[in-house]
A.B. asks: 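The following block contains the structure, expressed as structure tokens.
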Amino acid sequence: QVQLVESGGRSVQAGGSLRLSCAVTTATSSSISVGWFRQAPGKEREGVAALYTTGDVPYYDDSVKGRFTISRDNDETTVYLQMNSLKPEDTAMYYCAAKTSRDGGYYRRSFEIADFAYWGQGTQVSVSS
């Protein structure tokens, strides 16, 4: 019902900025929430930011607050992750994921991976010191 394709990942120096894009295609009339997650080698996947296309206030992991901003375009076909003041520890594969209002956990403002039924293939971000 929801397809996601990430882009924008590349190598950058510490202190730099990147904007990731997630192209969202949906065949459902349900409301959706889109989140950005990341997974570094040898580490568990973790959520960094998420929003509801209905316009509720986005939420962020503490590790990225003040540096990352999640947003969407007006026609809700693309969700962005603006990443500023990048650090080497931000190096990871970044994924966007979605959950719909038909899914359990839709209203839970958390990064519970099991709540997000739809995933993209990821885009690699590498930050060098």
Side-chain angles (χ1 to χ4, degrees):
Q1 289 184 328
V2 182
Q3 294 182 321
L4 306 161
V5 179
E6 305 94 334
S7 62
R10 61 178 177 87
S11 296
V12 65
Q13 288 192 329
S17 297
L18 278 178
R19 189 177 79 163
L20 305 182
S21 299
C22 174
V24 181
T25 305
T26 176
T28 177
S29 59
S30 302
S31 299
I32 66 170
S33 171
V34 178
W36 283 97
F37 292 75
R38 65 185 181 187
Q39 187 166 20
K43 295 188 176 181
E44 294 185 353
R45 192 170 298 191
E46 61 179 5
V48 296
L51 59 69
Y52 291 87
T53 58
T54 51
D56 291 349
V57 177
Y59 54 98
Y60 299 88
D61 183 76
D62 287 345
S63 65
V64 305
K65 279 182 181 177
R67 299 190 300 124
F68 291 10
T69 303
I70 188 171
S71 63
R72 60 179 175 86
D73 60 5
N74 289 335
D75 61 7
E76 300 176 9
T77 60
T78 307
V79 175
Y80 303 100
L81 184 68
Q82 178 67 42
M83 306 186 294
N84 298 327
S85 301
L86 282 162
K87 305 174 182 180
E89 51 263 44
D90 294 317
T91 295
M93 183 72 77
Y94 281 72
Y95 300 89
C96 65
K99 55 185 177 179
T100 79
S101 55
R102 293 185 178 185
D103 299 325
Y106 172 76
Y107 294 102
R108 185 159 44 215
R109 290 173 62 89
S110 74
F111 297 112
E112 184 65 43
I113 288 175
D115 289 342
F116 290 82
Y118 307 95
W119 292 82
Q121 294 301 306
T123 186
Q124 179 67 42
V125 173
S126 298
V127 184
S128 59
S129 57

A.B. asks: To the nearest 0.5 Å, what is the distance between CD1 (I32) and OG1 (T26)?
C.D. replies: 5.5 Å
A.B. asks: Within a radius of less than 6.0 Å around CD of Q3, do more than 12 heavy atoms belonging to other residues, nucleotides or ligands occur?
C.D. replies: no
A.B. asks: Tell me, with the steps shown, if V12 and R10 meet side-chain contact (heavy atoms from CB on, under 4.5 Å).
C.D. replies: CA-CA 6 Å; V12 65; R10 61 178 177 87; 4.3 Å; yes
A.B. asks: Between D73 (side chain) and T77 (backbone), is there a donor-acceptor pair under 3.5 Å?
C.D. replies: yes
A.B. asks: Working to the nearest 0.5 Å, report the span between CE of M83 and OH of Y94.
C.D. replies: 5.0 Å
A.B. asks: Tell me if the aromatic rings of F111 and F116 count as close, with their centers under 6.0 Å from one another.
C.D. replies: no
A.B. asks: Any sub-3.5 Å donor-acceptor pair from T91's side-chain atoms to V127's backbone N or O?
C.D. replies: yes
A.B. asks: Check the pair L81, V48 against side-chain contact (heavy atoms from CB on, under 4.5 Å), reporting the backbone distance first and the verdict last.
C.D. replies: CA-CA 10 Å; L81 184 68; V48 296; 4.2 Å; yes
A.B. asks: At their closest point, which heavy atom of N84 faces which heavy atom of S17, and how far apart are they?
C.D. replies: OD1-OG, 2.9 Å
A.B. asks: Do you know the tightest heavy-atom contact between D115 and R108?
C.D. replies: OD1-NH2, 2.6 Å
A.B. asks: How long is the span from the CD atom in Q124 to the OG atom in S11, to the nearest 0.5 Å?
C.D. replies: 8.0 Å
A.B. asks: Taking the six-membered ring for Trp and the single ring otherwise, decide whether the centroids of W119 and F37 are under 6.0 Å apart.
C.D. replies: yes
A.B. asks: Any chance you could lay out the ring-ring contact (aromatic ring centres under 6.0 Å, His included) test for Y107 and Y52, step after step, and finish with the verdict?
C.D. replies: CA-CA 9 Å; Y107 294 102; Y52 291 87; 7.1 Å; no
A.B. asks: What's the spacing between R102 CZ and Q1 CD if we round to 0.5 Å?
C.D. replies: 6.0 Å
A.B. asks: Kindly compute the distance separating OG (S21) from CZ (R72), expressed to the nearest 0.5 Å.
C.D. replies: 15.0 Å
A.B. asks: Using modelled atom types and a 3.5 Å cut-off, is there a donor and acceptor pairing between side-chain atoms of K99 and backbone atoms of G105?
C.D. replies: yes
A.B. asks: S30 side chain to T100 main-chain N or O, any donor-acceptor pair under 3.5 Å?
C.D. replies: no
A.B. asks: I need the minimum non-hydrogen distance between C96 and V34, along with the two atoms involved.
C.D. replies: CB-CG1, 4.4 Å
A.B. asks: In terms of hydrophobic clustering (I, L, V, M, F, W, Y; side-chain heavy atoms under 4.5 Å; direct or indirect links), are I113 and Y59 co-clustered?
C.D. replies: yes
A.B. asks: Decide side-chain contact (heavy atoms from CB on, under 4.5 Å) for L51 and D56; before the verdict, give the C-alpha distance in whole Å, the side-chain angles of both, and the deciding distance to 0.1 Å.
C.D. replies: CA-CA 7 Å; L51 59 69; D56 291 349; over 6 Å; no
A.B. asks: Under 3.5 Å, side chain of Q121 to main-chain N/O of E6, donor-acceptor pair present?
C.D. replies: no
A.B. asks: Assess whether atom CD of Q13 is packed by more than 12 heavy atoms of other residues, nucleotides or ligands within 6.0 Å.
C.D. replies: no
A.B. asks: With the side chain counted from C-beta on, respond yes when L86 and F68 share a heavy-atom pair under 4.5 Å apart, and no when they do not.
C.D. replies: yes
A.B. asks: Shortest non-hydrogen contact from P88 to A14?
C.D. replies: CD-CB, 4.1 Å
A.B. asks: Taking it one step at a time, do T69 and Y60 satisfy side-chain contact (heavy atoms from CB on, under 4.5 Å)?
C.D. replies: CA-CA 8 Å; T69 303; Y60 299 88; 3.8 Å; yes
A.B. asks: Would you check if T123 and S7 make a side-chain contact, meaning some heavy-atom pair closer than 4.5 Å?
C.D. replies: no
A.B. asks: When you measure from the side chain of S101 to the backbone N and O of S31, does any donor-acceptor pair fall under 3.5 Å?
C.D. replies: yes
A.B. asks: Quick one: does NZ or CZ of R19 land under 6.0 Å from the six-membered ring centre of Y80, within 45 degrees of the ring axis?
C.D. replies: yes
A.B. asks: Against the six-membered ring of Y95, is R38 placed for a cation-pi contact (under 6.0 Å from the centre, within 45° of the normal)?
C.D. replies: no
A.B. asks: Would you say W36 and Y118 are hydrophobically clustered, going by side-chain heavy atoms of ILVMFWY under 4.5 Å?
C.D. replies: yes
A.B. asks: Check this for me: does any side-chain nitrogen of one of D90 and R67 sit under 4.0 Å from a carboxylate oxygen of the other?
C.D. replies: yes
A.B. asks: Identify the heavy atoms of V125 and L20 that sit nearest to each other, and give their distance.
C.D. replies: CG2-CD2, 4.0 Å
A.B. asks: Enter the distance from D75:CG to T53:OG1 here, rounded to the nearest 0.5 Å.
C.D. replies: 11.5 Å
